[in-house]
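Some notes on the structure that comes next.
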Amino acid sequence: MLRLLTRFMGLLLLAGGFIALIVDGTRSLAGGELLVTTLRRGLSEAAPALYQSLVAEMAAKSALDLAMTPLMTLPISLTLGALGALLIVFSHKREADRYWRR
């Protein structure tokens, strides 16, 4: 049951990443230049309260700030796609050892 939920969440994240890629692509075509929505901008527009609490937490801990700053500049499509792919890969069953692989 947990494997099914993990795979479902992975598929939803992968679909979200693909949708973000399509939105960025259409904005780029309409604008005539490459426009990419970063995780920082997307999070600040979608969930401002969560973004403000994350910024306050990062300001309190400098080690967290050093780790999160490069992550917040990644495109949303790349972030969601990578997380979704990881969840899908981790949800697969490990193949049983065959007698010829021993």
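When a residue number appears, it is its place in the shown sequence, counting from 1. Below, all heavy atoms of this structure are taken into account, side chains as well, without hydrogens, waters or symmetry copies.
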Same cluster or not: are [X] and [Y] linked, directly or through other Ile, Leu, Val, Met, Phe, Trp or Tyr residues, by side-chain heavy atoms under 4.5 angstrom apart?
X: L83; Y: L50; value: yes
X: F18; Y: M9; value: no
X: L35; Y: I19; value: no
X: V23; Y: L74; value: no

Shortest non-hydrogen separation from L43 to L54 and the atoms involved: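 Minimum heavy-atom contact is CD2-CD2, 3.9 Å.
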Roughly how far, to the nearest 0.5 Å, is [atom2] of [Y] from [atom1] of [X]?
X: L21; Y: T37; atom1: CG; atom2: OG1; answer: 10.5 Å
X: T6; Y: L86; atom1: OG1; atom2: CG; answer: 12.5 Å
X: L5; Y: L87; atom1: CG; atom2: CG; answer: 11.5 Å

Flag the pair H92 / R3 as yes when at least one side-chain heavy-atom distance between them is below 4.5 Å, and no otherwise.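 The answer is no, as the side chains (C-beta and beyond) never meet within the 4.5 Å cut-off.
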Go through the structure and list residues passing side-chain contact (heavy atoms from CB on, under 4.5 Å) with T38, not counting sequence neighbours.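 In terms of side-chain contact (heavy atoms from CB on, under 4.5 Å), with neighbours along the sequence ignored, T38 is linked to R40, R41.
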Enumerate the salt bridge (charged side-chain N to carboxylate O under 4.0 Å, His left out) contacts for residues 71-92, please, sequence neighbours excluded, ordered by first and then second residue.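 Of all non-adjacent pairs touching residues 71-92, none passes salt bridge (charged side-chain N to carboxylate O under 4.0 Å, His left out).
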Can you list every salt bridge (charged side-chain N to carboxylate O under 4.0 Å, His left out) pair that touches residues 8-30, not counting sequence neighbours?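 Listed once each, the pairs are D24-R27.
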Nonpolar side-chain network containing L11, other nodes, edges under 4.5 Å: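 L11 shares its hydrophobic cluster with L14, I88.
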Clusters formed by hydrophobic residues whose side-chain heavy atoms approach within less than 4.5 Å: which one holds V36, and what are its other members?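 Once heavy-atom contacts under 4.5 Å are chained together, V36 belongs with L34.
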Could you give all pairs that pass the side-chain hydrogen bond (donor to acceptor under 3.5 Å, both in side chains) test and reach residues 73-89, with sequence neighbours left out?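 The answer is none; no pair qualifies.
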